[in-house]
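Just so it is clear: chains get the letters A, B, ... in the order the sequence lines come, proteins before strands, and each one is counted from 1.
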Number of protein chains: 2
Amino acid sequence: MSTEMADPAGAKPTLRDVALAAGVHLATASRALSDSKTRPVNPRTAALVRQAAAKLGYVPDQVARSLRTHRTPAIGVLIPDMTNPVMPPLVRGAEQVLAQHGYTTLFADTDNDQAAETQRLAMFLSWRVAGLILATARRDQPLAPELVNSGVPVVLMSRKLDATPVPSATIDESVGIAQALDHLIGLGHRRIAYLGVPLWTSAGHERLVAFREITRDRGLDLPPEFAQVCDGYSERDGEAALAALLARPDRPTAVLTGNDMMALGCYDAIRAAGLRCPADVSVVGYNDMPLTHRVDPPLTTVRVPYFDLGRQAASLLVEALDDRGSTERSVRLTPRLLVRDSTAPAPT
Amino acid sequence: MSTEMADPAGAKPTLRDVALAAGVHLATASRALSDSKTRPVNPRTAALVRQAAAKLGYVPDQVARSLRTHRTPAIGVLIPDMTNPVMPPLVRGAEQVLAQHGYTTLFADTDNDQAAETQRLAMFLSWRVAGLILATARRDQPLAPELVNSGVPVVLMSRKLDATPVPSATIDESVGIAQALDHLIGLGHRRIAYLGVPLWTSAGHERLVAFREITRDRGLDLPPEFAQVCDGYSERDGEAALAALLARPDRPTAVLTGNDMMALGCYDAIRAAGLRCPADVSVVGYNDMPLTHRVDPPLTTVRVPYFDLGRQAASLLVEALDDRGSTERSVRLTPRLLVRDSTAPAPT
DNA sequence: CTGTTAGCGCGTTCAC
DNA sequence: GTGAACGCGCTAACAG
């Protein structure tokens with residue numbers, strides 16, 4: 001069986017095959033394809049090599065290249081749960097700029113599980129990723145030691161750490177809370193409650209702190225129970241918390257929640273108490289997840305630019321990778337209140 | 001500067017360092033850590049090696065390993081758009097079983113763009129991925145030639161190809177359509193319309209075909225305009241299509257749509273026509289995206305097990321990889337109608 | 001059971 | 001400008 005022909009269906013062509021076909025040396029082919037700055041190559045031969053490569057369907061072996069160069073153009077992205085509606089735009093944004101810069105995105109969903117996170121992190125590290133984007137960070141939990149002394153650059157996405165200063169792309173939660181509060185106050189509300197998401201994320205914590213500070217700032221004198229944190233993120237959590245508050249004689253006339261699901265749960269509590277939204281109680285959500293414009297009533301909520309946040313997180317990392325770790329800065333984006341129909345003037 | 005000590009903060013320890021520390025040969029250390037089946041190693045020395053590895057913080061270099069073994073435990077996952085609510089559970093499911101089997105997930109969002117897809121595919125191929133999961137397939141568009149003669153196993157997720165038989169994990173669309181139709185027919189509806197999603201996905205095509213077949217089967221005599229396909233996937237697309245139908249003297253009393261967004265657009269058309277849902281017109285959606293239970297009225301829709309679909313797609317691929325490509329089978333899951341409040345008995 | 005040796009595919013340092 | 005040699009970190013052979 002004579003097999004003198006190039007075998008498009010057989011083994012993958014290697015750089016040597018390309019060099020052979022182009023009638024040049026291996027090293028020349030290498031330089032031609034990666035147009036080496038240090039060792040320029042004759043344009044004519046370069047064209048020849050490129051032609052041969054195309055003809056053979058040559059695809060450079062990233063694995064071999066990485067081993068040689070000790071640079072792996074791959075970034076690990078760790079997500080706590082893709083089902084969380086804020087995650088898809090985050091990931092989409094990150095992947096977009098990473099690909100733009102030639103990086104491949106290694107993806108993992110940890111399902112909010114510590115063991116899963118450790119396992120995925122080890123995977124990423126064994127791939128010698130050039131950097132890591134973490135959307136899984138908990139405020140109180142420092143970066144894993146194996147991570148810090150691996151020396152791999154890390155950027156936190158939509159999260160921050162309390163103690164350790166790690167570059168991050170986050171939003172200014174106080175702006176979102178302030179806009180929501182001022183909207184409500186402008187509508188004449190004075191008894192405003194906050195039902196927060198859990199505090200183990202920086203976002204959750206900052207929203208609560210912002211609520212406390214800004215209400216004090218605006219001269220609102222609220223009972224401490226009016227600023228509380230729920231156990232979870234669900235409609236049921238929001239419903240239960242508001243139900244308790246509505247039973248009070250000094251019940252709130254408006255409620256601001258840490259996410260949209262809880263806001264929708266508030267709808268249920270209001271209805272169950274024989275009240276109406278927004279006539280009796282105004283509701284403001286957070287995140288502007290899909291379809292919140294279609295619920296009844298359409299939800300007033302704080303829109304967070306998650307897609308941009310993902311892009312920024314990736315940009316930060318790419319920058320750091322280029323500048324050899326000089327610019328370890330963070331970025332902070334601004335959310336914007338979206339007024340719909342779940343807020344109305346305070347009842348008199 | 002004497003640097004005789006192990007440097008946990010310096011260069012990554014290599015297998016040789018581990019072997020040295022454990023007082024064994026490089027190859028022995030290799031076998032100990034990957035407990036090679038073919039070449040068993042003394043449990044005592046194995047423990048020694050493992051201990052040394054742990055102490056040094058050794059992380060095996062997957063890049064070097066892949067170069068040597070010609071096996072890259074990485075799977076590329078190509079997604080058309082993470083913003084599409086069906087995608088997150090798909091990806092989550094796939095990543096979960098891939099990680100379970102030791103595979104790293106390479107992720108890319110093509111933004112429904114051909115050029116982006118080509119670029120990402122080239123990336124994946126250059127990484128010598130062991131397999132590919134594609135959620136981007138278009139019915140009429142065969143697999144890219146560079147892909148087919150790369151020989152990399154491919155599984156299609158939630159999509160199929162018309163001409164080429166590629167293993168896939170999909171759902172049985174005819175079951176979903178049949179359940180929806182029988183529900184409507186049971187409610188006394190006879191004039192039922194279908195407003196489909198575009199036909200370039202197998203799912204879109206199969207839903208339309210199923211609608212036509214089943215309505216004929218059930219003896220419904222529908223004008224051809226009652227089964228139509230919209231240009232896009234949005235609320236506006238659904239609204240416009242239904243508005244035209246509602247203007248007819250023989251307007252439908254029920255409408256089934258190719259996705260949930262279009263179903264919600266139908267709500268708008270119904271309201272604009274001075275009619276009510278479900279009293280005058282019943283609506284059934286498709287996919288059961290988040291919050292469809294909270295819209296007004298809560299949407300009756302076909303729930304599709306996307307998370308399982310993702311798991312199955314990955315399982316299919318892992319199987320094929322184990323069996324060396326012997327079992328090139330496909331899998332078909334079953335959707336289930338979720339009856340809520342957007343459907344009611346036909347008006348008399 | 002363990003040590004020895006060779007080389008995966010590529011980029012880079014030297015010589016020419 | 002181009003050719004030759006070397007080695008990245010690891011595992012598959014083959015001895016011993």
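Geometrically, A:Arg138 engages A:Trp200 in a cation-pi contact, judged by NZ or CZ lying under 6.0 Å from the ring centre and within 45° of the ring axis.
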Could you go through residues 122-130 of chain A and list every donor-acceptor pair under 3.5 Å that involves a side-chain atom there, pairing it with any protein atom two or more places apart or in another chain?
| residue | atom | partner | partner atom | Å |
| --- | --- | --- | --- | --- |
| A:Ser126 | OG | A:Met123 | O | 2.8 |
| A:Trp127 | NE1 | B:Thr104 | OG1 | 2.8 |
| A:Arg128 | NH1 | A:Leu125 | O | 3.1 |
| A:Arg128 | NH2 | B:Val59 | O | 2.9 |

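The CG atom of B:Leu156 sits 7.5 Å away from the OG atom of B:Ser202 when rounded to the nearest 0.5 Å. In this structure, CE in A:Met157 is found 4.0 Å from CG in A:Leu90, a value given to the nearest 0.5 Å. The CD1 atom of A:Ile133 lies 12.0 Å from the OG atom of A:Ser168; values are rounded to the nearest 0.5 Å. B:Ser315 contributes atom OG, which lies 8.0 Å from atom CD of B:Gln100 (distance to the nearest 0.5 angstrom).
Phosphate proximity of D:dT11 to B:Ser30: present, with a side-chain N or O under 4.0 Å from OP1 or OP2. At C:dG11, none of the side-chain N or O atoms of A:Ser34 fall inside 4.0 Å of OP1 or OP2 (strictly under the cut-off).
Here the P atom of nucleotide D:dG9 and the NZ atom of B:Lys12 are 11 Å apart, to the nearest Å. Regarding A:His25, its NE2 atom lies at a distance of 11 Å from the C1' atom of C:dT12, rounded to whole Å. Summarising the geometry, the separation between CZ on B:Arg71 and C1' on D:dC10 is reported as 15 Å, rounded to the nearest angstrom. Counting to the nearest Å, the P atom of D:dT11 and the CG atom of B:Leu33 are 8 Å from each other. In this structure, B:Asn42 places its CG atom 15 Å from C1' of C:dG3, rounding to the nearest Å. The interatomic distance linking B:Leu20 (CG) with D:dG9 (P) rounds to 14 Å, in whole Å.
Between B:Ser66 and the choices B:Arg68, B:His70, B:Gln62, the side-chain hydrogen bond (donor to acceptor under 3.5 Å, both in side chains) rule is met once, by B:Gln62.
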Check nucleotides 13-16 of chain C for protein N or O atoms closer than 3.5 Å to its own N or O atoms and list the pairs.
none

Please list, pair by pair, any protein nitrogen or oxygen found under 3.5 Å from a nitrogen or oxygen in nucleotides 7-9 of chain C.
| residue | atom | partner | partner atom | Å |
| --- | --- | --- | --- | --- |
| C:dG7 | N2 | B:Arg68 | NE | 2.6 |
| C:dC8 | O3' | B:His70 | NE2 | 3.0 |

Query raised in the report: Are B:Thr136 and B:Ile79 close enough, and set up right, to give a side-chain contact (heavy atoms from CB on, under 4.5 Å), and what steps lead you there?
Result: CA-CA 6 Å; B:Thr136 53; B:Ile79 296 293; 5.6 Å; no
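As judged by a 4.0 angstrom heavy-atom cut-off over every strand, A:Thr45 is placed among residues touching the sugar-phosphate backbone only.
Direction change of the helix axis from one end of the helix from C:dC1-D:dG16 to C:dC16-D:dG1 to the other is 40°, with five pairs defining each end axis (rounded to 10°).
Annotation: side-chain contact (heavy atoms from CB on, under 4.5 Å) contacts of A:Leu147 (sequence neighbours excluded): A:Leu121, A:Leu132, A:Leu134, A:Leu143, A:Ala144, A:Ser150, A:Val154. Among residues two or more places apart in sequence or in another chain, the side-chain contact (heavy atoms from CB on, under 4.5 Å) test is passed with B:Asp109 by A:Arg92, A:Glu95, B:Asp81, B:Met82, B:Phe107, B:Asp111.
Around atom CD of A:Gln51, no more than 12 heavy atoms belonging to other residues, nucleotides or ligands sit under 6.0 Å away.
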